[in-house]
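We use all heavy atoms of the structure for the numbers below, so side chains are in, but hydrogens, waters and symmetry mates are not.
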Amino acid sequence: MATSYPSEYVECTCTIRERFAPTAYRATLPNGKETVAFIQRREQELLDIIRPGDRVEVTICPADFDRARIRRITARD
């Protein structure tokens, strides 16, 4: 029997803590859980402007809250 995963993604806002790789950041979700937030090629212009403390909109697969995709900056500290 094949495992079925949800096809819909969850959208939420998280806070950037630090950049630790060229396209990856440690971030905190609203519930306090940490996640790794990535920037994909189509949003690569964000690489030069995201800073710790920024709040960003992300999409997350409900089956794996350990990884998130950054979509845009929503607020700056």
Side-chain angles (χ1 to χ4, degrees):
M1 177 179 222
T3 302
S4 176
Y5 291 101
S7 61
E8 297 296 318
Y9 287 90
V10 175
E11 292 185 7
C12 72
T13 301
C14 64
T15 303
I16 299 296
R17 293 189 47 230
E18 69 175 327
R19 186 175 185 172
F20 71 93
T23 61
Y25 299 82
R26 285 186 178 82
T28 305
L29 296 168
N31 65 359
K33 181 174 173 33
E34 291 192 19
T35 188
V36 175
F38 293 90
I39 293 182
Q40 293 183 312
R41 178 172 272 157
R42 64 182 162 215
E43 285 92 13
Q44 71 183 13
E45 71 278 356
L46 296 173
L47 288 171
D48 295 331
I49 59 175
I50 291 179
R51 303 284 179 256
D54 288 349
R55 287 185 297 279
V56 295
E57 183 179 306
V58 298
T59 55
I60 302 172
C61 175
D64 183 9
F65 274 67
D66 292 330
R67 297 172 50 97
R69 286 183 278 171
I70 298 173
R71 297 298 184 197
R72 67 186 59 82
I73 295 175
T74 59
R76 298 206 104 145
D77 277 345

> If two hydrophobic side chains count as joined below 4.5 Å and joins carry through other members, does Leu29 share a cluster with Tyr25?
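Same cluster: Leu29 reaches Tyr25 through Ile, Leu, Val, Met, Phe, Trp or Tyr contacts under 4.5 Å.
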> With the side chain counted from C-beta on, respond yes when Ile50 and Ile70 share a heavy-atom pair under 4.5 Å apart, and no when they do not.
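Yes, close enough: below the 4.5 Å cut-off.
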> If I compare all heavy atoms of Ile60 with all of Cys12, which pair ends up nearest, and what's the gap?
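What the structure gives for the nearest pair is CD1-SG, 3.9 Å.
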> Would a 4.5 Å heavy-atom cut-off, applied to side chains only, mark Arg19 and Arg51 as touching?
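No; the side chains remain at least 4.5 Å from each other.
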> Please identify each residue that fulfils side chain to side chain donor-acceptor pair (under 3.5 Å) with Glu11, with sequence neighbours left out.
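For Glu11, no residue satisfies side chain to side chain donor-acceptor pair (under 3.5 Å) once neighbours in sequence are set aside.
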> Locate the shortest heavy-atom distance separating Arg67 from Thr35; write the atom from each residue and the value.
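In this case the closest contact between Arg67 and Thr35 is N-OG1, 3.4 Å.
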> Identify whether Phe65 and Val58 are in the same connected component of the hydrophobic contact network (ILVMFWY, side-chain heavy atoms under 4.5 Å).
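Yes, same cluster.
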> Show the nearest heavy-atom pair for residues Thr74 and Val56, with the distance to one decimal.
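In terms of heavy atoms, the two residues are closest at OG1-N, 3.9 Å.
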> For a quick test of your reading: what N or O donor-acceptor pairs under 3.5 Å do the side chains of residues 41-49 make, sequence neighbours left out?
| residue | atom | partner | partner atom | Å |
| --- | --- | --- | --- | --- |
| Arg42 | NH2 | Gln40 | OE1 | 3.3 |
| Glu43 | OE2 | Arg71 | NH1 | 3.3 |

> Considering all heavy atoms of both residues, which atom of Thr13 and which atom of Arg55 are nearest to each other, and what is their separation?
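Distance-wise, the nearest heavy atoms are CG2-CB, 3.8 Å.
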> If I take atom CZ from residue Arg26 and atom SG from residue Cys14, how far apart are they, to the nearest 0.5 angstrom?
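Arg26 atom CZ to Cys14 atom SG measures 13.5 Å (nearest 0.5 Å).
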> Which residues pass the side chain to side chain donor-acceptor pair (under 3.5 Å) test with Asp66, sequence neighbours left out?
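Expected list: Lys33.
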